[in-house]
Visitor: 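Sharing a structure with you now.
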Amino acid sequence: WSGAYVCDQFTLIGTDDGEVGYTTGYAHLLSLDTNTGKIISDVQMNVKGDIRSSITQYEGKYYFTSKGGYFFEASVDSSGAIQQIREKKLSNGANNDSTPAMSTSTPTIYNGRAYVGVSGTGQFTAYSGHNITVIDIANWEIAYSVPTQGYPQTSGVLTTAYEQETGKVYVYFFDNFTPGKLRVLEDSIGQVS
């Protein structure tokens with residue numbers, strides 16, 4: 001399920017954790033030479049869980065999520081060598097390792113804010129902690145989260161169409177639930193709820 005970030009020098013992609021289940025082993029972030037496919041860097045995560053999102057680049061850093069319930073930021077040099085990875089634990093209200101705040105949502109990032117979908121304690125149980133989480137990247141903290149009926153597994157689609165007149169952006173997510181719901185999150189810099 002992982003998607004890659006690709007540029008002329010390198011390709012970044014996350015792996016599954018190599019174990020049965022989503023959160024029993026440690027995934028890797030790989031950097032490959034785009035032209036030859038040779039490994040430039042292979043870094044094991046410090047926390048458990050498959051990496052099942054694609055990787056987003058924002059202001060020279062690379063962002064992704066995991067089924068172990070984490071949001072990650074990777075620093076990579078111009079040759080593709082992975083320099084540093086930091087993680088931020090996501091929340092579904094349970095604070096329980098057996099029901100982590102899984103995410104397969106590729107981060108949508110704008111104005112220093114990341115938007116990701118997070119699973120609740122029951123992947124297909126309504127309002128069990130599923131949410132859209134907004135992360136303030138500069139302060140490396142969760143600004144707020146909004147409950148959803150189902151798990152928003154997709155990436156958010158962000159529009160700036162009304163930003164000039166309202167100061168707001170709108171981010172669209174779908175719940176993975178029957179029947180599905182389209183969610184629209186209205187957000188602005190500094191917003192905390």
Side-chain angles (χ1 to χ4, degrees), residues 1-6 11-31 43-58 61-74 85-110 113-135 137 142-158 171-185 187:
W1 288 15
S2 296
Y5 169 83
V6 180
T11 298
L12 289 176
I13 191 161
T15 72
D16 276 10
D17 59 23
E19 301 288 336
V20 174
Y22 303 130
T23 60
T24 49
Y26 295 88
H28 290 245
L29 180 63
L30 302 175
S31 177
V43 177
Q44 180 177 295
M45 300 297 101
N46 291 325
V47 291
K48 294 180 180 179
D50 295 345
I51 297 171
R52 291 280 181 91
S53 75
S54 291
I55 297 173
T56 301
Q57 188 268 16
Y58 177 75
K61 305 279 181 150
Y62 303 87
Y63 298 90
F64 53 99
T65 62
S66 76
K67 292 201 85 158
Y70 288 88
F71 172 76
F72 296 92
E73 176 189 81
I85 298 175
R86 66 178 176 162
E87 67 272 340
K88 179 74 180 160
K89 189 169 186 168
L90 299 170
S91 177
N92 61 9
N95 200 22
N96 183 334
D97 289 342
S98 66
T99 55
M102 298 188 300
S103 185
T104 58
S105 177
T106 300
T108 298
I109 303 176
Y110 182 73
R113 293 166 82 83
Y115 306 90
V116 296
V118 176
S119 175
T121 57
Q123 189 170 357
F124 299 107
T125 305
Y127 297 106
S128 64
H130 309 297
N131 67 80
I132 299 167
T133 294
V134 181
I135 301 161
I137 293 173
I142 294 174
Y144 64 96
S145 61
V146 178
T148 59
Q149 180 179 12
Y151 175 13
Q153 288 184 280
T154 64
S155 303
V157 175
L158 185 141
V171 190
Y172 299 82
F173 281 89
F174 278 100
D175 289 12
N176 184 6
F177 202 78
T178 303
K181 290 190 186 310
L182 171 63
R183 305 281 176 179
V184 181
L185 177 67
D187 188 55

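Residue numbers run from 1 in the order of the sequence given.
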Visitor: Find out whether Ser91 and Lys89 are in side-chain contact, i.e. whether some heavy atom of one side chain is under 4.5 Å from a heavy atom of the other.
Guide: no

Visitor: Quick check against the 3.5 Å criterion: does Thr121 have a side-chain atom that pairs as donor or acceptor with the backbone of Ser128?
Guide: yes

Visitor: Please say whether more than 12 non-hydrogen atoms of neighbouring residues, nucleotides or ligands are located less than 6.0 Å from CG in Asp97.
Guide: no

Visitor: Is there a side-chain contact between Asp17 and Lys48 (heavy atoms, below 4.5 Å)?
Guide: no

Visitor: With a 3.5 Å cut-off and no angle check, do the side chains of Asp187 and Tyr144 form a donor-acceptor pair?
Guide: yes

Visitor: Could you tell me whether the side chain of Val171 reaches within less than 4.5 Å of the side chain of Ile132, counting heavy atoms only?
Guide: no

Visitor: Any donor-acceptor pair under 3.5 Å linking the side-chain atoms of Tyr62 with those of Gln57?
Guide: no

Visitor: Where do Thr23 and Lys67 come nearest, in terms of heavy atoms and distance?
Guide: CG2-O, 3.3 Å

Visitor: His130 side chain to Gly122 main-chain N or O, any donor-acceptor pair under 3.5 Å?
Guide: yes

Visitor: Going by heavy atoms in the side chains, are Tyr63 and Thr106 under 4.5 Å from each other?
Guide: no

Visitor: At their closest point, which heavy atom of Gly3 faces which heavy atom of Ser54, and how far apart are they?
Guide: CA-OG, 3.1 Å

Visitor: Report yes if the side chains of Ser105 and Phe173 come closer than 4.5 Å at any heavy-atom pair, otherwise no.
Guide: yes

Visitor: Measure the CD1-NZ distance between Ile55 and Lys61 for me, rounded to the nearest 0.5 Å.
Guide: 15.0 Å

Visitor: How close do Ile85 and Ala74 get, heavy atom to heavy atom, and via which atoms?
Guide: CG1-CB, 4.1 Å

Visitor: Nearest 0.5 Å please: distance from the OG1 atom of Thr24 over to the CG atom of Asp50.
Guide: 7.5 Å

Visitor: Does Lys88 form a side chain to side chain contact (heavy atoms under 4.5 Å, CB included) with Glu73? I'd like the steps, not just the answer.
Guide: CA-CA 9 Å; Lys88 179 74 180 160; Glu73 176 189 81; over 6 Å; no

Visitor: To the closest 0.5 Å, what do you measure between OH (Tyr70) and OG1 (Thr65)?
Guide: 13.0 Å

Visitor: Tell me the closest heavy-atom pair linking Gly68 and Pro100, and the distance in Å.
Guide: O-CB, 3.6 Å

Visitor: Are the side chains of Tyr151 and Thr104 in contact, using a 4.5 Å heavy-atom criterion?
Guide: yes

Visitor: Please answer whether the main-chain N or O of Asp175 pairs with a side-chain N or O of Thr148 as donor and acceptor at a distance below 3.5 Å.
Guide: no

Visitor: Distance from Ile135 atom CD1 to Tyr115 atom OH, nearest 0.5 Å?
Guide: 11.0 Å

Visitor: Are side-chain heavy atoms of Gln153 and Met102 found at a separation under 4.5 Å?
Guide: no

Visitor: Between Leu29 and Phe72, is any pair of side-chain heavy atoms under 4.5 Å apart?
Guide: no

Visitor: Could you measure the distance from the CG atom of Asn131 to the CG atom of Leu90? Nearest 0.5 Å is fine.
Guide: 8.0 Å

Visitor: Of all heavy-atom pairs between Ile137 and Arg86, which one has the smallest distance, and what is that distance?
Guide: O-NH2, 3.8 Å

Visitor: Give, for atom OG of Ser103 and atom CZ of Arg52, the distance between the pair rounded to the nearest 0.5 Å.
Guide: 12.5 Å

